[in-house]
There are 2 protein chains.
Amino acid sequence: MSRSGADLALLLLGGFRALVDDAIVELTKRGYEDVRPVHDFTMRAIAAGADNASELGRRLSVSKQAAAKTVAVLEERGYVAREPDPLDVRRKRLEVTALGFEVMRAGEAVFDELRDKWKQKIGTKELERLEADLTALVGPSPVRVDAPGWLAPPSTRRPTG
Amino acid sequence: MSRSGADLALLLLGGFRALVDDAIVELTKRGYEDVRPVHDFTMRAIAAGADNASELGRRLSVSKQAAAKTVAVLEERGYVAREPDPLDVRRKRLEVTALGFEVMRAGEAVFDELRDKWKQKIGTKELERLEADLTALVGPSPVRVDAPGWLAPPSTRRPTG
DNA sequence: TTATGTGGACAACTAGGTTGACGATTGCAG
DNA sequence: CTGCAATCGTCAACCTAGTTGTCCACATAA
């Protein structure tokens, strides 16, 4: 039963969703509500040196306005702080807070645990093989997360009628 | 170098995006502009018996209004026809047109070709193994495509500054 | 015949993006 | 030192693809 290409695509999407949805749920259980990959990526970019909204936008391939909006929610949650830059009054310097780093660590941990579960299902060898294959196919790093308010809690987005 | 769980998720997303983005581009080349997975899924649901907007919404787990909007664009493109239902004046019966089926076939073909390319990259055995593993992990059918205006032409959505 | 339910449409709203414009400030050329 | 161009952050308007709520016309079952 040689599968179709469309099935393959769906399979990949399904795998991704399974991981991300589970991760969001698990993070909520641990007290970090509604943390989505977008948030993680954003904090990571800030930690990696994107210390103002414009620069952040550039790194995430998103407009500075959109970046500012995301920063606003992260600031509200206490994950990111914004202080005036002493060297340039125009800028507001961005910083990931201790709480922010805590969330990032928790996120990593959750994903690693999920990966372990997969390892138990199909075996270490097999999982590593799968990763190697995918790496060969899509390259080691790529991934612009791109569009995605997506990557949101799916359970809350179900129509009522 | 045991990879992290987050990398695994990114890898899966990357694979999916690679296939879908390539497919959209390829379909455009063949004269079917801006055909997205959403459109394909919708037509498939209609062909499978969801012959009115409300029912379609239910099958796609989306509000009937949202379903109606999607139908509107498919109708405009001539992929789907809407005729009054003789048995129930309230209903407008949905039907996939010949052109609509043509698009679906083209889509399948493109995905199959992309899968062939992958097969050439890592080998038939290896690809089938990857599919088997993923199937074991996420189940054979799942996938609610869910959120997605996503699955849109990424190249057109890049900020200008 | 009447109560209840369903289909489709319209309106208002949300989320997360996009452009465009603008004032304040910085930095560089002259 | 002056002045022009670029940059930062913010505001406002808009887009897309969803959502809910409301409504009328019609169907159906009691």
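Proteins get letters first, then strands, A, B, ... in listed order; numbering begins at 1 in each.
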> What's the CG-P distance between B/L87 and C/dG8, to the nearest Å?
Replying inline: 13 Å
>> What is the distance, to the nearest angstrom, from the CZ atom on A/R82 to the P atom on D/dG9?
In response: 8 Å
> Once you round it to whole Å, what is the distance between C1' of C/dT6 and CG of B/L56?
Replying inline: 16 Å
> For A/R30, what residues pass the salt bridge (Lys or Arg N to Asp or Glu O under 4.0 Å) criterion, not counting sequence neighbours?
Replying inline: A/E26, A/E113
> Which residues satisfy the salt bridge (Lys or Arg N to Asp or Glu O under 4.0 Å) test with B/D116, sequence neighbours excluded?
Replying inline: B/K119
>> Working to the nearest 0.5 angstrom, can you tell me the gap between A/R90 CZ and A/D85 CG?
In response: 10.0 Å
>> Using whole Å, what does the distance between atom C1' of nucleotide C/dG16 and atom CG of A/D34 come to?
In response: 13 Å
> What residue pairs, at least two apart or across chains, pass side chain to side chain donor-acceptor pair (under 3.5 Å) with a residue in residues 97-110 of chain B?
Replying inline: B/Y32-B/E102, B/R44-B/E108
> Roughly, in whole Å, what's the span from NZ in B/K69 to P in C/dT14?
Replying inline: 14 Å
>> Could you work out, with salt bridge (Lys or Arg N to Asp or Glu O under 4.0 Å) as the rule, every residue matching B/E83, not counting sequence neighbours?
In response: B/R93
>> Could you write out DNA chain C as dot-bracket? Rules: Watson-Crick or G-U wobble, both distances under 3.5 Å, brackets [ ] for crossings, | for pairs with another strand, dot for unpaired.
In response: ||||||||||||||||||||||||||||||
> What does A/R93 touch in the nucleic acid at a heavy-atom separation under 4.0 angstrom: a base, only the sugar-phosphate, or nothing?
Replying inline: nothing
>> Taking B/K121 first and then B/E126, would you say they form a salt bridge - that is, a charged N and a carboxylate O separated by under 4.0 Å?
In response: no
> How would you list, by chain and number, every residue that makes a side chain to side chain contact (heavy atoms under 4.5 Å, CB included) with A/V73, sequence neighbours excluded?
Replying inline: A/H39, A/R77
>> Return whichever of B/D51 or A/A66 has its heavy-atom-nearest nucleotide of DNA chain C closer to the 5' end.
In response: B/D51
Just the table, please: protein N/O against nucleotides 6-8 of chain D N/O, every pair under 3.5 Å.
from	atom 1	to	atom 2	distance (Å)
D/dT7	O2	A/R90	NH1	2.3
D/dC8	OP1	A/R58	NH2	3.4
D/dC8	OP2	A/R58	NH2	2.8

> Residues in side chain to side chain contact (heavy atoms under 4.5 Å, CB included) with A/R82, at least two apart?
Replying inline: A/V71, A/E75, A/K92, A/L94
> How would you list, by chain and number, every residue that makes a side-chain hydrogen bond (donor to acceptor under 3.5 Å, both in side chains) with A/D22, sequence neighbours excluded?
Replying inline: none
> Donor-acceptor pair under 3.5 Å: do we get one between A/Q65's side chain and the base of C/dG20?
Replying inline: yes
> Could you give the CZ-to-C1' distance, from A/F41 to C/dG17, as a whole number of Å?
Replying inline: 17 Å
>> I need the CD-C1' distance between B/E83 and C/dG7, as an integer number of Å.
In response: 17 Å
